[in-house]
Amino acid sequence: MKWICETCNLEYPGTRVVYRCDCGELLDLRQETPDGDAERLKRTFDKRLSERSTVYASGVWRYKELILPELPDSAIVTKFEGNTGMYVSQPVNRFAGLRRVHLKALSENPSGSFKDHGMTAAVSYGSYMGYTKFICSSTGNTSSSLAMYAAMAGHSAYVLLPDKNVSPSKMLQTLAYGAQVLTFGGTYDDGIRFSERHGAELGLYSCNSINPLRIEGQKSIVFEVAHALGWTLPDWIVLPGGALSNATALGKGLADLHRIGLIDRVPRVAIVQAEGASPFHRMVEGGRAELVPEAAPSTRASALNIGNPPSWKKALRYVVEAARGNTVSVSDEEIMEAKTVIDRSGIGCEPASAASLAGLRKLVQRQVIDKDETAVCLLTGNMLKDTAALAEVCLHGAYGQSGLNQPVPVELKHDVISRCIQDEVRT
Ligand SMILES: *Cc1c(COP(=O)(O)O)cnc(C)c1O
Ligand SMILES: [Zn+2]
């Protein structure tokens, strides 16, 4: 395995800890295509579905041949991440305007977000390379995930969190796992820049989304989706985009599946950004070749509050170019409307995740996606990741939502309760 710069083709050995090429571009992990044909790999992956306690019970490491084949099993730090459900819900189909929408509930990961798919790979590799101190900049979910794996491995985690617009639930989760939380006046983007510039000299292993291992681990999301659907994929895969690491991983994972012959058709991908933080969408829509960062990104979907997505070039190459990808932006109101539908379906998600369904609906309305096509939406984070958003919508009807559902004080008497039931108190 080696690191390669897709821009200038320089290579670095996989045993050297580097994130960026000397030319300034992000590096990519390049590894040998696994031995054997697609059918043999399928049998291997199928067999591992019955594993309960080895590293192969993980929804990431089940696909180790396509993630990090050279890492010894003994170095793997896992919480059996992945293995999340995929659901179909009639109200969601109706809302999207399609016959069949699969919702991949990455919210069911051990720390409550898809970040676990990449973090297990980054922390495993970092520990294997001898690091005991880890750092990341985060909008909250990366920090909870890093804090969890660092605790599992007995290592220290330091996380840089902006002092505004981070969900308290995420910060508390990070603190509870025992990580050192360093808050600062500035944005996620400032934190990234700092940890990139100073992480190495401080002896820290950097687990930001630019870490190529995070991308490799996150490829397992689309492997799981394809595996669950018998190695076929719907016409579209829709996901929210912030730093664009997940979009990059999705595009790269699709390319792997296609090259190896595990799927014979690459689906189209739609990246959904929040209107208040949509530099990538504006670039693609405007047909520009360079991303113009936003200095003051602002969206209630805090996981998407990123003005300068580090992986935009990779997302452009792996998604927009290779998977005929599309982009769209949605307002906070549209996000909360979709979130209410997902919550009421019993699946639930945090605001950023609902951007996928809101974007899908918009693309169907605009006839970019045909009503006879099928889609999977990635639900990236758990509904309990942002309990303040639940209060805003359920208790206060914020964002013009009809999802109001307040507790009703009652006396525990038969006739009182009977009246409540008949009145259909719930809206
Ligand atoms: C991190 C995150 C995103 C954005 O993913 P990127 O890889 O940064 O584009 C979306 N939703 C949730 C819940 C997240 O935690
Ligand atoms: Zn280079």
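In what follows, every heavy atom counts, from backbone to side chain, and hydrogens, waters and symmetry copies are set aside. Every number for a ligand or one of its atoms is a count from 1 in the order of the listing. If you're wondering where the values come from, they're calculated on a predicted model, not measured in any experiment.
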For W231 and H227, take the angle between the two ring planes, folded into 0 to 90°, and tell me which bin it lands in: parallel under 30, tilted 30 to 60, perpendicular over 60.
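Ring orientation, 0 to 90° scale: parallel.
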
Can you tell me if T232 uses its side chain to pair, donor with acceptor, with the backbone of L229 under 3.5 Å?
yes

Does Q173 reach the main-chain N or O of S111 with its side chain, forming a donor-acceptor pair under 3.5 Å?
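Present.
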
Could you say whether the N/O atoms of [X] and ligand 1 ever approach to under 3.5 Å?
X    : answer
K115 : yes
S113 : no
A303 : no
L304 : no

Among all protein heavy atoms, pick the one closest to [atom] and tell me residue, atom and distance.
atom                    : answer
atom 5 (O) of ligand 1  : F114 CZ, 3.4 Å
atom 7 (O) of ligand 1  : S245 OG, 2.7 Å
atom 11 (N) of ligand 1 : T380 OG1, 2.7 Å
atom 4 (C) of ligand 1  : G242 N, 3.8 Å
atom 8 (O) of ligand 1  : A243 N, 2.8 Å

[X] neighbourhood, listing ligand 1 atoms whose heavy-atom distance to it stays under 4.0 Å:
X    : result
N246 : 7 (O)
A352 : 11 (N)
G241 : 9 (O)
G381 : 13 (C)

Cation-pi check, R62 onto F223 ring (under 6.0 Å, within 45° of axis):
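Judged by the rule, R62 and F223 form no cation-pi pair.
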
Mind checking whether E350 contacts ligand 1 via backbone (N, CA, C, O), side chain (CB onward), both or neither, at a 4.0 Å heavy-atom cut-off?
side chain

Short version for L244: what comes under 4.0 Å of ligand 1, heavy atoms counted, is backbone

For the CZ atom on R259, are there more than 12 heavy atoms of other groups (residues, nucleotides or ligands in this structure) within a distance under 6.0 Å?
yes

Taking atom NZ as the centre, does K2 end up with more than 12 heavy-atom neighbours from other residues, nucleotides or ligands that are less than 6.0 angstrom away?
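Result for NZ/K2: open.
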
Heavy atoms, side chains only, cut-off 4.5 Å: are K164 and P162 in contact?
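When only atoms from C-beta onward are counted, P162 and K164 do not touch, as no gap falls below 4.5 Å.
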
Are any non-hydrogen side-chain atoms of D343 and L390 less than 4.5 angstrom apart?
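The answer is yes, as the side chains (C-beta and beyond) meet within the 4.5 Å cut-off.
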
Angle at the Zn ion (ligand 2), SG of C5 to SG of C23, rounded to 10 degrees, please.
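For SG of C5 and SG of C23, the angle centred on the Zn ion (ligand 2) reads 110°.
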
Using a strict cut-off of less than 4.0 Å between a Lys/Arg side-chain nitrogen and an Asp/Glu carboxylate oxygen, indicate whether D256 and K219 qualify as a salt bridge.
yes

By the definition side chain to side chain contact (heavy atoms under 4.5 Å, CB included), identify the one residue from I135, N211, V123, L146 that meets it with Y205.
N211

